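The structure presented is a predicted model; accordingly, all values stated were derived computationally and were not measured.
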Amino acid sequence: MDIIFYHPTFDTRSWLTGLQNLLPNARVREWAPGDNGPADYALVWHPPVEMLAGRQQLKAVFALGAGVDSILSRLQAHPDMLPAGVPLFRLEDTGMGLQMQEYAVSQVLHWFRRFDDYQAQKLEANWQPLEDYRREAFTIGLLGAGVLGSKVAESLLAWGFPVRCWSRSKKDYPGVTSFAGEEQLGEFLSDTRVLINLLPNTPQTVGIINKSLLTQLADQAYVLNLARGVHLVEADLLASLENGKIKGAMLDVFAKEPLPADNPLWKHPRVAITPHVAAVTRPDEAMAYIAKTIGQIEKGDKPTGEVSLQHGY
C-alpha cells in the first residue's frame with residue numbers, strides 16, 4: 001500500500017521512519033506539490049487542497065490531531081477536496097486524554113483551593129486565610145462529551161466534584177449528569193461553577209460561549225477553554241469578568257493564534273493563558289493508532305474514530 005504524509009511543523013523524517021517500522025509492507029512518503037502518485041491512505045494536518053483532490057483510490061484520510069476543523073473548513077470552499085465516500089478519521093485519544101485530564105484537574109483544584117485569591121493577596125502582602133469552598137457546590141460542567149470529555153469527567157469525579165455534561169445527544173457516563181440539546185442547555189448551565197469547553201468546532205458551536213451563556217452560569221463561575229478559540233466571544237468574557245459574573249478564566253486556545261500582543265486578555269489579572277498546549281499529538285501513540293486502524297480497514301473491519309462530515313466530529 002502507499003501512504004502519503006503532510007504536516008507543516010512535525011518532524012517528518014521521524015514520522016516516516018516510525019510508520020514504516022509499524023507498517024513494513026507499506027510505502028510511506030512525504031507529499032510535496034506536484035505529487036500525484038498512488039496513495040491508499042493520507043495522513044494530514046492543514047492539507048493543501050491539491051494533496052487530496054481527485055484521489056478516488058484513497059481508502060481513508062487521517063487528521064493528525066483530535067480536531068478536523070481545518071479539513072472541514074477547506075471542504076466548505078472546495079467540496080471536491082475529499083473524494084466522495086472516503087472516510088475521514090481523527091486521533092481519538094493517543095495520549096491526549098491523559099494530558100487533558102492533567103490540565104483540567106490541575107486548574108480546577110487551583111480554583112477550588114482558592115490559589116487564585118491567595119496569589120492576589122500575595123501581591124498585596126496580605127496574610128489572610130480564606131473560607132474553603134464547599135465541594136458539593138463546586139459543580140463542574142463539561143461542554144462537549146466526546147472521548148476527551150469523558151476522560152476529563154472521569155478524572156474530576158475521582159476528586160469528588162459534582163460533574164455534568166452537555167452534548168448533542170445524551171451520554172451514559174457513570175456518575176455524570178447528562179444534558180442534551182438546545183432545550184437542556186439552560187438547565188445544564190444553572191449552578192455550574194466551572195465551565196470546561198471541549199466542544200468540536202462546527203458552525204453550530206462558533207461563538208457559543210457568549211454573553212447569553214455566561215449570564216446563565218453560577219455567580220463567580222470560572223471558564224476553562226480547551227477546545228477552540230472561535231467558541232469564545234472574547235469581548236463578552238471580558239465584560240463578564242469586569243461585572244463580576246465570571247471570577248476567572250483559563251484559556252489555552254484563541255480565535256487568532258499566536259494571540260496578538262495587544263489583545264486585552266494578556267493584561268487581565270484574572271485571565272491565565274497557555275499557548276495551545278493542553279493536549280498535543282504524541283507521535284508514538286498516534287502512529288500506533290494509525291497503524292492499527294489501517295490494519296482494521298485492510299481486514300474489512302469497522303474502526304472507531306471516523307468523523308461524521310454532517311456533524312463535523
> What distance separates Lys122 NZ from Asp117 CG, expressed to the nearest 0.5 Å?
Replying inline: 15.0 Å
> NE2/His231 to CG/Leu198 distance, rounded to the nearest 0.5 angstrom?
Replying inline: 10.0 Å
> Distance only, no hydrogens: is a donor on one side chain within 3.5 Å (strictly under) of an acceptor on the other, for Asn225 and Asn197?
Replying inline: yes
> Is it true that a side-chain atom of Ser167 and a backbone atom of Ser169 form a donor plus acceptor pair closer than 3.5 Å?
Replying inline: yes
> Is the side chain of Trp266 donor-acceptor paired with the backbone N or O of Pro260 at a distance under 3.5 Å, no angle test?
Replying inline: yes
> Has Arg90 got its NZ or CZ under 6.0 Å from the middle of the six-membered ring of Phe62, at an angle within 45 degrees of the ring axis?
Replying inline: no
>> Quick one: does any side-chain atom of Gln184 pair with a main-chain N or O of Ala180 as donor and acceptor, under 3.5 Å?
In response: yes
>> side-chain contact (heavy atoms from CB on, under 4.5 Å), that's the test. Do Leu143 and Phe188 meet it? Break it down for me.
In response: CA-CA 9 Å; Leu143 268 179; Phe188 161 80; 3.9 Å; yes
>> Please report whether the ring centroid of Trp15 lies less than 6.0 Å from that of Phe5.
In response: yes
> Just wondering, do Ile140 and Pro162 contact through their side chains at under 4.5 Å, heavy atoms?
Replying inline: no
> With side chains defined as the heavy atoms from C-beta onward, is the minimum distance between Pro8 and Phe10 less than 4.5 Å?
Replying inline: no
> Would you say Val223 and Leu214 make side-chain contact, with heavy atoms under 4.5 Å?
Replying inline: yes
> Could you give the distance from CD (Gln119) to CZ (Phe115), rounded to the nearest 0.5 Å?
Replying inline: 11.0 Å
> Side chains of Arg55 and Gln57: closer than 4.5 Å at any heavy-atom pair?
Replying inline: yes
>> Quick check: is Phe254 connected to Val230 through a chain of hydrophobic side chains (ILVMFWY, heavy atoms under 4.5 Å apart)?
In response: no
> In terms of side-chain heavy atoms, does Arg270 have a donor or acceptor partner in Tyr222 at a distance below 3.5 Å?
Replying inline: no
> What distance do Asp80 atom CG and Leu75 atom CG have between them, rounded to the nearest 0.5 Å?
Replying inline: 9.0 Å
> Tell me, do Leu237 and Leu251 make a side-chain contact under 4.5 Å, heavy atoms counted?
Replying inline: yes
> Which atom names give the shortest non-hydrogen contact between Pro264 and Leu238, and what distance separates them?
Replying inline: CG-CD1, 3.7 Å
> Tell me, which pairs form a salt bridge (Lys or Arg N to Asp or Glu O under 4.0 Å) where one or both residues lie in residues 10-29, sequence neighbours left out?
Replying inline: Asp2-Arg27, Arg29-Asp35
>> Within this structure, what is the CH2-CG distance for the pair Trp45 and Leu91, rounded to the nearest 0.5 Å?
In response: 8.0 Å
> In the single-linkage hydrophobic clustering (I, L, V, M, F, W, Y; side-chain heavy atoms under 4.5 Å), do Ile297 and Tyr289 co-cluster?
Replying inline: yes
> Thr304 and Glu92: side-chain donor and acceptor closer than 3.5 Å?
Replying inline: yes
>> Is it the case that the side chains of Tyr6 and Thr12 hold a donor-acceptor pair, with the cut-off being a distance below 3.5 Å and no angle test?
In response: no
> Counting distance only, does the side-chain N/O of Ser240 pair as donor-acceptor with the main-chain N or O of Asp236 below 3.5 Å?
Replying inline: yes
> Would you call His46 and Ser73 a side-chain contact if the rule is heavy atoms closer than 4.5 Å?
Replying inline: no
> Looking only at heavy atoms, what is the nearest atom pair of Pro303 and Thr293, with distance?
Replying inline: CB-CG2, 3.6 Å
> Does Asp93 offer a backbone N or O that forms a donor-acceptor pair with the side chain of Lys151 under 3.5 Å?
Replying inline: no
>> For Gly312 versus Pro200, what's the shortest heavy-atom pair and its separation?
In response: O-CB, 4.4 Å
>> If we ignore hydrogens and angles and just use 3.5 Å, is the side chain of Gln107 paired with the main-chain N or O of Met250 as donor and acceptor?
In response: no
> Is Arg193 close enough and on-axis enough to Tyr133, meaning under 6.0 Å and within 45°, for cation-pi?
Replying inline: yes
> Is it true that Val105 and Met96 fall in one hydrophobic cluster, defined by side-chain heavy atoms closer than 4.5 Å?
Replying inline: yes
> Are any side-chain N or O atoms of His276 and backbone N or O atoms of Arg228, one a donor and one an acceptor, separated by less than 3.5 Å?
Replying inline: no
>> Closer than 3.5 angstrom, by distance alone: can the side chain of Gln128 be matched with the main-chain N or O of Gln121 as a donor-acceptor pair?
In response: no
>> Taking the side chain as everything from C-beta on, heavy atoms only, tell me whether Ile3 gets closer than 4.5 Å to Ile294.
In response: yes
>> Less than 4.5 Å apart, side chain to side chain, heavy atoms only: is that true for Trp166 and Leu185?
In response: yes
>> Using a 3.5 Å distance criterion without hydrogens, assess whether the side chain of Lys170 forms a donor-acceptor pair with backbone atoms of Ser178.
In response: yes
>> For the residue pair Asn263 / Glu234, report whether a side-chain donor-acceptor contact shorter than 3.5 Å exists.
In response: yes
> Is it true that a side-chain atom of His311 and a backbone atom of Tyr313 form a donor plus acceptor pair closer than 3.5 Å?
Replying inline: no
>> Tell me which one of Leu82, Leu43, Val68, Ile4 satisfies side chain to side chain contact (heavy atoms under 4.5 Å, CB included) with Val61.
In response: Leu82
> Does Leu213 share a hydrophobic cluster with Val194, counting links as ILVMFWY side-chain heavy atoms below 4.5 Å and allowing steps through other members?
Replying inline: no
> Hey, any chance Met51 and Met81 share a hydrophobic cluster, counting ILVMFWY side chains that come within less than 4.5 Å of each other, even indirectly?
Replying inline: yes
>> Could you check whether atom CD of Glu183 has more than 12 heavy atoms from other residues, nucleotides or ligands sitting under 6.0 Å from it?
In response: yes
> Which heavy atom of Glu257 sits nearest a heavy atom of Asp252, and at what distance?
Replying inline: OE2-O, 4.3 Å
